[in-house]
Amino acid sequence: MVWVLGGYQTDFALNWPRAGLEVSDLVAEVVRETLVDARMDPARIGVIHVGNAFGQLFTGQGQLGGMPATVDERLWGVPATRHEAACASGGVAILAAMADLESGRYDCALVLGVELEKTVPGDLSAQYLGAAAWVGHEGQQAKYMWPHMFSLLTEEYDRRYGIDDAHLNAIAELNFRNARANPKAQTRAWEFGPSSFTGDDTANPRVEGRVRRQQCSQVTDGGAGVVLVSDRHPRAGSPGTARIEGWGHRTVGLPLRAKLDRSRNEPYVLPHVRQAILDAFGRAGVDSVDGIETHDCFAMSEYAAIDHFGLTGPGESWKAVENGELERGGRVPVNASGGLIGGGHPVGATGVRMLLDASLQVTGRAGECQIEGARRVGTLNIGGSTTTTVTFVVGSRDGR
């Protein structure tokens with residue numbers, strides 16, 4: 001069993017380059033505040049894992065495994081590695097840390113996820129983020145790669161099951177609304193008009209295909225960190241700690257079309273995502289959770305997560321939207337934090353932020369975002385067009 005002792009998230013509304021800050025400042029804040037929250041002496045950190053997707057492209061800085069020791073000399077000599085899996089970089093960094101702990105190599109790991117994206121204009125940012133697709137083989141006609149790709153996923157759902165864009169707009173509206181309660185959310189102070197979550201081409205214009213502006217997560221700067229320990233650590237299972245009860249990890253080929261073609265005769269559009277979730281549930285010995293933090297890079301990715309988590313039958317995610325089941329007081333609240341759409345999406349940090357929020361929920365530390373009675377929360381972190389899928393089940397100390 002792996003335990004979460006504590007963690008930290010930066011303010012996702014902060015534009016770090018505009019504030020005259022660089023990636024070293026971001027890493028320094030995440031390292032310092034994560035250790036403070038976890039009440040961890042840096043001398044007791046055995047290993048460090050850093051999730052970062054596009055560091056060289058946005059900042060020119062590589063070798064980010066060396067940045068924690070650069071900004072905090074107390075970590076000098078601690079083994080550290082940087083991990084890249086597009087938007088699932090944070091998730092795979094967590095998995096690597098868990099493997100180190102479970103193997104017995106180390107008893108305590110510091111996991112960071114960091115990303116600066118506002119160092120370049122928006123069009124160039126979209127080009128950089130497109131590197132997570134199969135470059136030169138898909139999306140060449142699109143100005144914005146990822147809205148285009150998730151529009152294609154929308155069309156696939158529509159072809160198989162039918163889909164009403166109003167349900168996608170409702171998901172976006174819920175996540176922006178949830179973000180208002182989150183003091184670290186990127187959009188917590190944003191204001192919207194009465195037509196902002198409709199098919200109004202002025203208030204909610206199309207970005208690519210069927211994807212509209214409010215259905216998209218934002219370009220975000222930020223970071224998150226957690227301290228993880230093994231069962232052997234003296235603080236494992238102590239009051240206020242959460243535990244990672246189950247995990248799933250699946251990787252498939254880069255192109256979206258190949259994914260959709262391979263699943264054409266299956267009930268789930270993305271069966272490898274469904275299997276990753278079932279892997280996590282199976283390892284945790286559960287078949288349901290009290291809440292979910294899922295990857296809503298676009299409203300369509302959350303729509304797909306709903307049925308793949310089994311909240312509805314395949315293609316019936318709209319039922320959970322219409323019935324209010326995703327609301328904070330609903331049957332299984334989804335993205336009580338605001339998710340990526342409302343909370344923000346600094347790519348390499350997202351998987352770590354999800355684990356942090358899940359641990360805060362099950363330990364009753366989620367503040368205004370708290371899901372009442374949450375004892376077990378699932379996460380789903382995806383990279384690219386679900387090329388890399390990482391999912392966790394996070395539980396409370398007493399397992400109830």
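Salt-bridge formation is detected for the pair E245/R376: a Lys NZ or Arg NE/NH1/NH2 atom is positioned less than 4.0 Å from an Asp or Glu carboxylate oxygen. Remark: E156 engages R160 in a salt bridge, criterion side-chain N to carboxylate O under 4.0 Å. Between D158 and R210 there is a salt bridge, since at least one side-chain N of the basic residue sits less than 4.0 Å from a carboxylate O of the acidic one. The pair D279-R250 meets the salt-bridge criterion, with a side-chain N (NZ, NE, NH1 or NH2) lying under 4.0 Å from an Asp/Glu carboxylate O. D11 and R188 are joined by a salt bridge, as a carboxylate oxygen and a charged side-chain nitrogen come within less than 4.0 angstrom of each other. For E293 and R353, the salt-bridge test passes: some basic side-chain N is under 4.0 Å from an acidic carboxylate O. Ion pairing between a basic and an acidic side chain is recognised when a charged N comes within 4.0 Å of a carboxylate O; R232 and D107 show such pairing. Salt-bridge formation is detected for the pair R365/D37: a Lys NZ or Arg NE/NH1/NH2 atom is positioned less than 4.0 Å from an Asp or Glu carboxylate oxygen. Checked for salt-bridge contact, D100 and R105 meet the test: a charged N lies under 4.0 Å from a carboxylate O. The pair R32-D72 does not count as a salt bridge, with every side-chain nitrogen at least 4.0 angstrom from each carboxylate oxygen. The existence of a salt bridge linking K143 and E208 is excluded, since no basic side-chain nitrogen approaches an acidic carboxylate oxygen closer than 4.0 Å.
For the pair N15 (side chain) and R18 (backbone), a donor-acceptor distance under 3.5 Å is present. Using modelled atom types, no side-chain atom of R235 and backbone atom of S238 make a donor-acceptor pair closer than 3.5 Å. Between the side chain of E117 and the backbone N or O of V347 there is at least one donor-acceptor pair closer than 3.5 Å.
T387 and K259 form a side-chain donor-acceptor contact under 3.5 Å, judged by distance and modelled atom types alone. Checked by atom type, the side-chain pair Q215/N169 shows a donor-acceptor distance below 3.5 Å. In summary, the side chains of Y161 and D307 do not present any donor paired with an acceptor at a separation below 3.5 Å, with no hydrogens or angles considered. For R212 and N204, the side-chain atoms include no donor-acceptor pair closer than 3.5 Å. Between the side chains of E322 and H167, at least one donor N or O sits under 3.5 Å from an acceptor N or O. Checked by atom type, the side-chain pair E29/Y8 shows a donor-acceptor distance below 3.5 Å. Checked by atom type, the side-chain pair N52/E84 shows no donor-acceptor distance below 3.5 Å. Between E22 and S24, the side chains place a donor N or O and an acceptor N or O closer than 3.5 Å (distance only, hydrogens not considered).
The nearest pair of heavy atoms linking L380 to A305 is CD2-CB, 3.9 Å. Closest non-hydrogen pair, T389 versus A276, comes out as CG2-CB, 3.7 Å. Closest approach of A80 to G65, counting heavy atoms only: CB-O, 3.1 Å. L228 and A97 make their closest contact through CD1-CB, 4.2 Å (heavy atoms, listed as atom of the first residue, atom of the second, distance). Minimum heavy-atom separation, S196 to Q214: O-NE2, 2.8 Å. Among all heavy-atom pairs drawn from N381 and C87, the shortest one is ND2-O, 2.8 Å.
The hydrophobic cluster containing F309 also contains V393, counting ILVMFWY residues as joined when their side-chain heavy atoms lie under 4.5 angstrom apart, directly or transitively. At a threshold of 4.5 Å between side-chain heavy atoms, the hydrophobic network of Ile, Leu, Val, Met, Phe, Trp and Tyr places V227 and Y106 in two separate groups. The hydrophobic clustering, which links ILVMFWY residues whose side-chain heavy atoms are closer than 4.5 Å, places L168 and V321 together. No path of Ile, Leu, Val, Met, Phe, Trp and Tyr side chains, each step under 4.5 Å between heavy atoms, connects V273 with L355, placing them in separate hydrophobic clusters. Y303 and F176 fall into different hydrophobic clusters, defined by Ile, Leu, Val, Met, Phe, Trp and Tyr side-chain heavy atoms under 4.5 Å apart, directly or through other members.
For the side chain to side chain contact (heavy atoms under 4.5 Å, CB included) with H295, the qualifying choice from T350, T386, V390 is T350, the only one to do so. The side chain to side chain contact (heavy atoms under 4.5 Å, CB included) test with M354 is passed by exactly one of L340, I292, V394, T391: L340. Checking each of L356, V377, D290 against Q361 for a side chain to side chain contact (heavy atoms under 4.5 Å, CB included) leaves exactly one that passes, namely V377.
In this structure, CE on M98 lies 8.5 Å from CG on L101, to the nearest 0.5 angstrom. Taking CZ from F298 and OG from S217, the interatomic distance works out to 5.5 Å, rounded to the nearest 0.5 Å. Atom OG of S317 and atom CD1 of I163 lie 7.5 Å apart (nearest 0.5 Å). The NE2 atom of H272 sits 11.0 Å away from the CD atom of E266 when rounded to the nearest 0.5 Å. Note: Q127 CD to M145 CE = 10.0 Å, rounded to the nearest 0.5 Å. The CD1 atom of I45 lies 5.5 Å from the CG atom of L35; values are rounded to the nearest 0.5 Å.
More than 12 heavy-atom neighbours from other residues, nucleotides or ligands sit within 6.0 angstrom of CZ on R177. Other residues, nucleotides and ligands contribute over 12 non-hydrogen atoms within 6.0 Å of the CD atom of Q141. Enclosure of atom CG in D41 by more than 12 non-hydrogen atoms of other residues, nucleotides or ligands within 6.0 angstrom is indicated. Atom CD of Q56 has more than 12 neighbouring heavy atoms from other residues, nucleotides or ligands inside a 6.0 Å radius.
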Exercise for review: Let me see the working for D296 and N175 under side-chain hydrogen bond (donor to acceptor under 3.5 Å, both in side chains), right down to the final yes or no.
Suggested key: CA-CA 9 Å; D296 59 315; N175 290 347; 2.9 Å; yes
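Geometrically, R283 engages W247 in a cation-pi contact, judged by NZ or CZ lying under 6.0 Å from the ring centre and within 45° of the ring axis.
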